[in-house]
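The structure appears right after this line, and notes come after that.
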Amino acid sequence: MPSYTVTVATGSQWFAGTDDYIYLSLVGSAGCSEKHLLDKPFYNDFERGAVDSYDVTVDEELGEIQLVKIEKRKYWLHDDWYLKYITLKTPHGDYIEFPCYRWITGDGEVVLRDGRAKLARDDQIHILKQHRRKELETRQKQYRWMEWNPGFPLSIDAKCHKDLPRDIQFDSEKGVDFVLNYSKAMENLFINRFMHMFQSSWNDFADFEKIFVKISNTISERVMNHWQEDLMFGYQFLNGCNPVLIQRCTELPKKLPVTTEMVECSLERQLSLEQEVQQGNIFVVDFELLDGIDANKTDPCTLQFLAAPICLLYKNLANKIVPIAIQLNQIPGEENPIFLPSDAKYDWLLAKIWVRSSDFHIHQTITHLLRTHLVSEVFGIAMYRQLPAVHPIFKLLVAHVRFTIAINTKAREQLICECGLFDKANATGGGGHVQMVQRAMKDLTYASLCFPEAIKARGMESKEDIPYYFYRDDGLLVWEAVRTFTAEVVNIYYESDQVVAEDSELQDFVKDVYVYGMRGCKASGFPKSLKSREQLSEYLTVVIFTASAQHAAVNFGQYDWCSWIPNAPPTMRAPPPTAKGVVTIEQIVDSLPDRGRSCWHLGAVWALSQFQENELFLGMYPEEHFIEKPVKEAMARFRKNLEAIVSVIAERNKNKKLPYYYLSPDRIPNSVAI
């Protein structure tokens, strides 16, 4: 009688093993086997991290094995099991791999196909077509779209983390409990004694050092020592944690009536301001999105304020970017003066603090939350709904949506919900952050997620003109590496543009993103369909780059740049100044966050800047969804390209007082998971 050797690999994460009964059936082209109990006498099967082998004898020849069916039945109490893969050795000595990488819960079952990636057109056998269809029908019931707030990209239909399908939950929910993590962070930073001291102001700037953890030779310490300097202020628009707003000024904004006379002492080329604009030496950052946003009113004891500044910057003769004019609100007027470096020290300093605070709000809610977290969730939900596990694009993308839906669900549950942690310390809490996302949706375009196009659109592409823009330089290297990799994978499975256009599952995935994620908005420029291999490669690059590199660039520098509170105040407790010559150091300190809010802010930026335990970085694919040699070779080349980028960045950073490493591939996690 034919005999098969079945090798079963159990996951190594916590609680992956099971004591339940595991049954296996084989489905072949010539027949189906009986259900076999996988059990060895006097042996603890399916322990966490184990690889167990079993001999399965069948009554008759099964032909080519098409499916493996695994069933789990309760032994004592229901015991979830994480199955990595099954390998089958046939009676003829052939090995067939069946990747799984899924949880089997309750009295559950899973039907697996072998690991070869297949498009729908490749499946001619009825049973395989049926398996493909059933998998998507099941997933579409599990992964449902929901509107969390009007105007937002749609998200997963789940009120809390435990409502999610088990396959996309965190291994341990405790590890991503925001309340726990923020409290733990405050404890680790020895600042928990201040965390309840709301309404209690600091005495002066030096007083903020009581909650600042001095780690010598770090960016955060350098920020603390140099935050008041114009050079440090300008540098952050290029290489801080929000390097996406600065743009070359091609025409002075009419709403900022600044003249050459006003900024003459800042201009170094003996040119008029208009001439400097023409030569490309003037840059602008406009926080118009914040105009009219409601400030946080959740604490009746503390008034909180927002501004919507416009900041004009200048490239000096050393090619460094420095601020030359700041107007704190959008409509010019007597009570909205233009602050200048030539003004009194504290006038100019407070104007810069207001810009830094506004930058923090845009960074947290738009650059970080909307443009990485929420966008990546859209890609993830659409992928699970429309691409079966056997599809090559599912196999490619699944590592890049790992835990994204889970972290976002947790955030909606604890962080950005009504009365959530976001309300505690942020001036845009209490609903302002929701208004901001609703407004920012009009600027969320497909082109703005294509890194090279986004850089060009802001006039920031010239390395010669703007030599110290490391976010741009490193981002372009990583984008190109990802683009090359996706093009290789696409060319393996799609022999022509026609095959792309005729892949109905792929087109449904792209359509789901457009209709639900982007709410069917034509102006977003998101494609409704893909017609060529080149378009598909670019689309996949957008998905992977957004989830990995873009998120890393705007997330993991938060402690570096925002831990010194005066450099990134999460709230301001006095309105913007309406006149010059009246600002005092006491006024500035009283405007800055109180002790309690400072601590919650510090706990947040510390927690958000930490990598996950067992983090998987770009190029790492430990789950072997692909089994074919050409793809594995493409992955190896991708890793080699990424290693070369790591070396280039490390060489550039040598001896730099302010190294830029957020886009070094060895620091870029594969997915948005924190």
Side-chain angles (χ1 to χ4, degrees), residues 11 13 82 99 101-103 143 153 155-156 158 161 164-173 175-176 178 181 367-385 387 389 393-412 415 449 451 475 478-479 481-483 485-486 489 509 513 517 539-558 607-626 635 638-639 642 662-674:
Q13 59 268 66
Y82 188 85
Y101 302 103
R102 276 182 261 169
W103 287 94
Y143 296 84
S155 49
I156 195 79
H161 182 266
L164 294 171
R166 183 70 181 91
D167 286 332
I168 59 167
Q169 289 182 24
F170 281 104
D171 299 331
S172 163
E173 193 180 350
V176 286
F178 286 108
N181 286 353
T367 309
H368 183 210
L369 172 65
L370 172 61
R371 297 181 69 87
T372 63
H373 277 258
L374 299 184
V375 167
S376 289
E377 180 177 6
V378 164
F379 291 133
I381 298 169
M383 182 201 78
Y384 280 111
R385 285 173 53 82
L387 299 176
I393 304 306
F394 178 92
K395 289 172 180 277
L396 176 66
L397 295 184
V398 67
H400 299 288
V401 298
R402 179 176 177 258
F403 299 146
T404 300
I405 300 171
I407 195 71
N408 287 1
T409 302
K410 205 72 190 155
R412 286 186 286 269
L415 194 61
L449 296 178
F451 190 82
V478 176
W479 172 273
V482 175
R483 181 73 188 259
F485 172 54
T486 59
V489 175
F509 162 63
V513 170
Y539 196 90
L540 296 173
T541 305
V542 166
V543 177
I544 294 171
F545 188 89
T546 301
S548 57
Q550 189 57 34
H551 179 254
V554 303
N555 181 72
F556 293 103
Q558 290 189 74
L608 290 168
S609 300
Q610 306 307 304
F611 292 122
Q612 287 277 359
E613 200 180 341
N614 305 319
E615 190 72 82
L616 297 176
F617 294 97
L618 194 57
M620 291 168 67
Y621 296 100
E623 292 185 356
E624 295 197 39
H625 291 274
F626 283 112
M635 285 176 170
F638 182 38
R639 279 190 290 274
L642 294 174
Y662 309 116
L663 282 169
S664 183
D666 58 346
R667 289 170 175 257
I668 299 176
N670 257 333
S671 63
V672 176
I674 188 117

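The basis for the numbers below is simple: all heavy atoms, side chains too, and nothing from hydrogens, waters or symmetry mates.
Here Glu615 contributes atom CD and Ile674 contributes atom CD1; the two are 7.5 Å apart, rounded to the nearest 0.5 Å. Going from atom CD1 of Ile168 over to atom CZ of Arg102 covers 13.5 Å, rounded to the nearest 0.5 Å. Here the CD-CD1 distance, from Gln550 to Ile544, works out to 14.5 Å after rounding to the nearest 0.5 Å. Atoms NE2 and CG, from His368 and Leu374 in turn, are 10.0 Å apart once rounded to the nearest 0.5 Å. Atom-to-atom distance recorded for Phe170:CZ and Thr409:OG1 is 9.0 Å, nearest 0.5 angstrom.
The residue from Val401, Leu618, Thr404 that alone fulfils the side chain to side chain contact (heavy atoms under 4.5 Å, CB included) condition with Ser671 is Thr404. In summary, of the residues considered (Thr546, Val542, Val543, Val672), a side chain to side chain contact (heavy atoms under 4.5 Å, CB included) with Val375 occurs for Thr546 alone.
A distance below 6.0 Å separates the ring centres of Tyr621 and His400. Under the 6.0 Å cut-off for aromatic ring centres, Phe556 and Tyr662 do not qualify, their centroids lying 6.0 Å or more apart.
In this structure, Lys395 contributes its side chain and Phe626 its backbone to no donor-acceptor pair below 3.5 Å.
Partners of Thr541 by side chain to side chain donor-acceptor pair (under 3.5 Å), not counting sequence neighbours, listed by chain and number: Thr486. Residues satisfying the side chain to side chain contact (heavy atoms under 4.5 Å, CB included) test with Ala549, not counting sequence neighbours, are Val478, Phe545, Leu663, Ile668. Considering only residues two or more places apart in sequence or on other chains, Glu624 meets the salt bridge (charged side-chain N to carboxylate O under 4.0 Å, His left out) condition with Lys632.
With a 4.5 Å cut-off on side-chain heavy atoms, Ile156 and Arg412 count as touching. Put simply, the side chain of Ile405 reaches to within 4.5 Å of the side chain of Tyr384, judged on heavy atoms.
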- Query: What's the verdict on ring pair (Phe, Tyr, Trp, His ring centres under 6.0 Å) for Phe509 and Phe394, showing C-alpha distance, side-chain angles and the deciding distance?
  - Reply: CA-CA 10 Å; Phe509 162 63; Phe394 178 92; over 10 Å; no
